[in-house]
Amino acid sequence: AAVMLGAIIAAPASATIMYDQNVTNEVIFGSGNANGSYTVDQANGIELGLRGKLRHNAGGAPENTFNSNGDGTYSFNAIVGPGQSSPTAEWSFEWSINSNFDDNGAAL
């Protein structure tokens, strides 16, 4: 069985959702995490990013594989990650919020 992770981002009608994008100012969380493959919405100085990620490859090692379908959805197997104990899924999701992506607003 496969799981489809859909990007759900609330946005005004004038906003444009972009696929397979980098989030602004890089992505900063831990080490070894690449930027890219986010579904992104930018409006009113706020940027929201969401992506699906292959959490564990066939050997059980973590990797930066995002399985994007190019339309805001991501495809993964609905299984426990190889070499992992339940309930550690093969896939995960990552999100980003930038409250001043265009440097025109105030920091929160």
Side-chain angles (χ1 to χ4, degrees):
V3 171
M4 295 285 286
L5 173 65
I8 301 172
I9 300 176
S14 62
T16 301
I17 295 179
M18 301 170 287
Y19 308 112
D20 298 329
Q21 300 294 307
N22 289 337
V23 292
T24 55
N25 291 335
E26 296 299 321
V27 61
I28 304 170
F29 62 100
S31 62
N33 295 300
N35 200 350
S37 296
Y38 281 91
T39 298
V40 175
D41 185 17
Q42 296 175 331
N44 303 316
I46 306 286
E47 175 186 80
L48 303 176
L50 179 67
R51 69 181 176 187
K53 181 176 183 177
L54 181 66
R55 188 171 180 185
H56 301 284
N57 65 21
E63 46 176 83
N64 282 307
T65 301
F66 305 107
N67 292 353
S68 172
N69 298 317
D71 61 359
T73 63
Y74 301 79
S75 296
F76 301 94
N77 293 321
I79 61 172
V80 172
Q84 307 301 312
S85 61
S86 184
T88 305
E90 177 185 65
W91 63 276
S92 186
F93 69 92
E94 297 173 339
W95 54 271
S96 172
I97 300 172
N98 185 340
S99 62
N100 190 19
F101 81 91
D102 58 4
D103 293 326
N104 288 322
L108 298 178

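All residue numbers in this chain count up from 1 along the given sequence.
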Would the distance check show the side chain of Asp20 and the main-chain N or O of Tyr38 forming a donor-acceptor pair, the cut-off being under 3.5 Å? no
Could you tell me whether a side-chain N or O of Asn57 sits under 3.5 Å from a main-chain N or O of Gly59, the two making a donor and an acceptor? yes
Would you say Ile97 and Phe101 are hydrophobically clustered, going by side-chain heavy atoms of ILVMFWY under 4.5 Å? no
State whether a side-chain donor-acceptor pair under 3.5 Å links Lys53 with Asn33. yes
State plainly whether one hydrophobic cluster holds both Phe66 and Phe93, where clusters connect Ile, Leu, Val, Met, Phe, Trp and Tyr through side-chain heavy atoms under 4.5 angstrom apart. no
Closest non-hydrogen atom pair, Ala89 against His56: O-CD2, 3.7 Å
Distance, nearest 0.5 Å, that separates CD of Gln21 from OG of Ser96: 13.0 Å
Keeping Asn67 on the side-chain end and Phe76 on the backbone end, is there a donor-acceptor pair under 3.5 Å? no
Please report the interatomic distance CH2(Trp95) to CG(Leu48), rounded to the nearest 0.5 Å. 10.0 Å
Any side-chain heavy atom of Tyr19 within less than 4.5 Å of one from Thr39? yes
Minimum heavy-atom distance between Ala58 and Pro82, given as atom pair plus value: O-CB, 3.3 Å
Does Arg51 offer a backbone N or O that forms a donor-acceptor pair with the side chain of Glu94 under 3.5 Å? no
Quick check against the 3.5 Å criterion: does Tyr74 have a side-chain atom that pairs as donor or acceptor with the backbone of Ser37? yes
Between the CD atom in Gln42 and the CD atom in Glu47, the distance rounded to the nearest 0.5 Å is 4.5 Å
Can you find a side-chain donor-acceptor pair between Asn98 and Thr24 that sits under 3.5 Å? yes
Nearest 0.5 Å, what's the OG-CG distance between Ser99 and Asn44? 12.5 Å
Report yes or no: does Asp102 contribute a side-chain atom to a donor-acceptor pair with the main-chain N or O of Asn104 at less than 3.5 Å? yes
Does any part of the side chain of Glu90, heavy atoms only, come nearer than 4.5 Å to the side chain of Val80, both counted from C-beta? no
